[in-house]
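This report concerns only the one structure given below.
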There are 2 protein chains.
Amino acid sequence: MKNEGHEYRCTVEATVAVAGGKWKPLIIYYLLSGTKRFGELRKLIGGITQRSLTLQLRELESHGIISREVFAEVPPRVEYSLTELGFTLSPVLNAMKEWGDSYLSWQQDKEQ
Amino acid sequence: MKNEGHEYRCTVEATVAVAGGKWKPLIIYYLLSGTKRFGELRKLIGGITQRSLTLQLRELESHGIISREVFAEVPPRVEYSLTELGFTLSPVLNAMKEWGDSYLSWQQDKEQ
DNA sequence: CTGAATCCAATAAGATACTG
DNA sequence: CAGTATCTTATTGGATTCAG
């Protein structure tokens with residue numbers, strides 16, 4: 001999911017490069033509802049390791065999707081939020097959420 | 001991007017499991033405009049190897065997103081098309097395409 | 001033409017321990 | 001609390017060869 005400095009044949013590739021992968025859609029989705037701390041995201045997502053969450057957050061930050069604010073407190077507090085650009089991904093994530101919802105109910109129907 | 005038989009905390013995960021990853025969004029996007037042969041998809045996508053395309057197509061097929069039709073001809077012809085379920089992903093892919101478009105023009109603006 | 005098979009390299013992810 | 005460092009494993013991708 002790298003694709004740095006490579007021209008896209010189809011702009012879907014750009015979206016995949018910036019917001020694709022196993023964890024980024026989930027991170028962005030949760031941040032749509034507001035600023036979250038590192039530990040909050042970790043609990044919400046579940047199943048992601050500290051390391052992976054850190055790496056994904058850094059990538060999102062480097063692409064200008066999220067911003068990171070460090071508070072000089074003890075214990076430390078770091079808050080992540082979507083940038084203006086990040087919020088423009090809202091239609092993508094909402095479409096993914098809705099599709100997931102209907103996919104699961106479609107599966108339930110099939111089981112019977 | 002496996003996640004078989006695992007309950008999702010958030011249905012975004014289901015969408016990622018079925019239609020996520022580096023290549024699946026692109027494959028689905030191209031199939032939205034109609035049935036394609038293996039070689040056509042390969043050329044359209046560009047940069048994907050035979051092996052990867054084969055694997056991704058099999059996964060999409062196993063999730064019921066695409067269907068595969070083999071024609072008993074020489075030379076052989078295999079056509080891939082979206083299933084009814086596959087077409088329901090259209091809003092997701094269109095949102096991704098649109099975001100990619102505006103992201104690229106946003107980047108162009110920044111360069112000046 | 002559309003793959004399957006094999007082998008190998010690169011990348012991503014997970015487990016664990018440790019730190020400011 | 002929010003990471004970093006290190007090590008190991010799993011997954012993905014690429015190159016090549018072969019086959020119906």
Side-chain angles (χ1 to χ4, degrees), chain A residues 1-6 8-9 13 16-28 30-31 34-63 66-81, chain B residues 1-6 8-9 12-13 16-28 30-31 35-63 66-81:
Chain A
M1 218 64 67
K2 274 291 140 52
N3 258 345
E4 321 284 5
H6 141 299
Y8 303 114
R9 294 184 177 225
E13 293 178 59
V16 170
V18 171
K22 184 172 176 180
W23 302 115
K24 292 201 193 85
L26 221 42
I27 295 171
I28 298 167
Y30 285 123
L31 289 180
T35 298
K36 300 278 182 297
R37 297 181 59 169
F38 184 89
E40 283 184 284
L41 282 172
R42 192 149 140 64
K43 279 180 201 160
L44 282 168
I45 295 171
I48 192 173
T49 59
Q50 278 186 331
R51 174 186 153 82
S52 294
L53 181 53
T54 300
L55 291 174
Q56 301 303 309
L57 288 169
R58 294 287 181 280
E59 282 187 40
L60 287 169
E61 192 186 4
S62 78
H63 282 110
I66 66 175
S67 63
R68 177 174 184 265
E69 191 175 6
V70 183
F71 295 85
E73 302 174 357
V74 177
R77 179 162 57 110
V78 181
E79 291 188 345
Y80 293 91
S81 55
Chain B
M1 218 64 68
K2 275 292 141 54
N3 259 344
E4 322 284 3
H6 142 301
Y8 304 114
R9 295 184 175 225
V12 168
E13 292 177 59
V16 170
V18 172
K22 186 173 177 181
W23 302 115
K24 291 200 192 86
L26 223 41
I27 295 171
I28 300 166
Y30 285 124
L31 290 180
T35 297
K36 300 277 181 297
R37 298 181 57 168
F38 184 87
E40 283 184 283
L41 282 172
R42 191 150 141 65
K43 279 180 199 160
L44 281 169
I45 294 170
I48 193 173
T49 60
Q50 278 187 333
R51 173 185 156 80
S52 295
L53 181 54
T54 300
L55 291 174
Q56 299 305 308
L57 288 169
R58 293 289 179 277
E59 282 186 40
L60 286 168
E61 192 185 5
S62 76
H63 282 110
I66 66 174
S67 63
R68 177 172 184 267
E69 191 175 5
V70 182
F71 295 85
E73 304 175 356
V74 177
R77 178 161 58 110
V78 181
E79 291 188 346
Y80 294 92
S81 55

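Hydrogens, waters and symmetry mates play no part in the numbers below; they use all other heavy atoms, side chains included. A, B, ... follow the sequence lines: proteins, then strands. Residue 1 opens every chain. Please read all numbers here as calculations on a predicted model, not as lab measurements.
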Between B:Leu53 (CG) and D:dT12 (P), how many Å, whole number?
15 Å
Any residue meeting salt bridge (Lys or Arg N to Asp or Glu O under 4.0 Å) with A:Arg77, in chain and number order, not counting sequence neighbours
A:Glu73, A:Glu79
Under 4.0 Å, heavy atoms only, any strand: does A:Gln56 hit a base, just the sugar-phosphate, or nothing?
sugar-phosphate
Give one of base, sugar-phosphate or nothing for B:Arg42, where a contact means two heavy atoms less than 4.0 Å apart.
nothing
Residue pairs passing the side-chain hydrogen bond (donor to acceptor under 3.5 Å, both in side chains) test with at least one member in residues 34-45 of chain A, sequence neighbours excluded, are A:Ser33-A:Lys36
Side chain proximity check, B:Leu57 to B:Leu41, heavy atoms < 4.5 angstrom
yes
Please report how far the helix from C:dC1-D:dG20 to C:dG20-D:dC1 bends, comparing the axis fitted to its first five pairs with the axis fitted to its last five, to the nearest 10 degrees.
50°
note: A:Arg58, atom CZ; D:dA5, atom P; distance rounded to Å ~ 11 Å
About how many Å separate CG of A:Leu31 and CG of A:Leu60, when rounded to the nearest 0.5 Å?
8.5 Å
Just to verify, what does B:Glu69 make a side-chain contact (heavy atoms from CB on, under 4.5 Å) with, not counting sequence neighbours?
B:Phe71
Under 4.0 Å, heavy atoms only, any strand: does B:Tyr80 hit a base, just the sugar-phosphate, or nothing?
sugar-phosphate
Atom-pair distance (CG on B:Leu55; P on C:dT2), nearest Å
17 Å
Could you give the CG-to-P distance, from A:Leu57 to D:dG3, as a whole number of Å?
8 Å
Residue set satisfying side-chain contact (heavy atoms from CB on, under 4.5 Å) with A:Arg58, at least two apart, ordered chain then number -> A:Thr54, A:Glu61, A:Arg68, A:Tyr80
A:Glu61 atom CD is separated from D:dA2 atom C1', nearest whole Å, by 14 Å
Could you state the atom-to-atom distance from CG of B:Leu26 to C1' of D:dT12 in whole Å?
16 Å
Quick one: CD1 on B:Ile48 to CD1 on B:Ile27, what's the gap to the nearest 0.5 Å?
5.0 Å
From NZ (B:Lys22) to CD1 (B:Ile45), nearest 0.5 Å:
11.5 Å
Measure from CZ on A:Arg77 to P on D:dC1 and round the result to the nearest Å.
13 Å
Hits for side-chain hydrogen bond (donor to acceptor under 3.5 Å, both in side chains) against A:Ser62, two or more places apart or cross-chain, chain-then-number order -> none
Roughly how many Å is it from CZ in B:Arg68 to P in C:dC1, rounded to a whole number?
16 Å
Does A:Glu40 reach a base, just sugar-phosphate, or nothing at all? Heavy atoms under 4.0 Å.
nothing
Where along nucleotides 14-20 of chain D does protein come under 4.0 Å, by heavy atom, of base (B) or sugar-phosphate alone (S), with - for untouched nucleotides?
BB----B
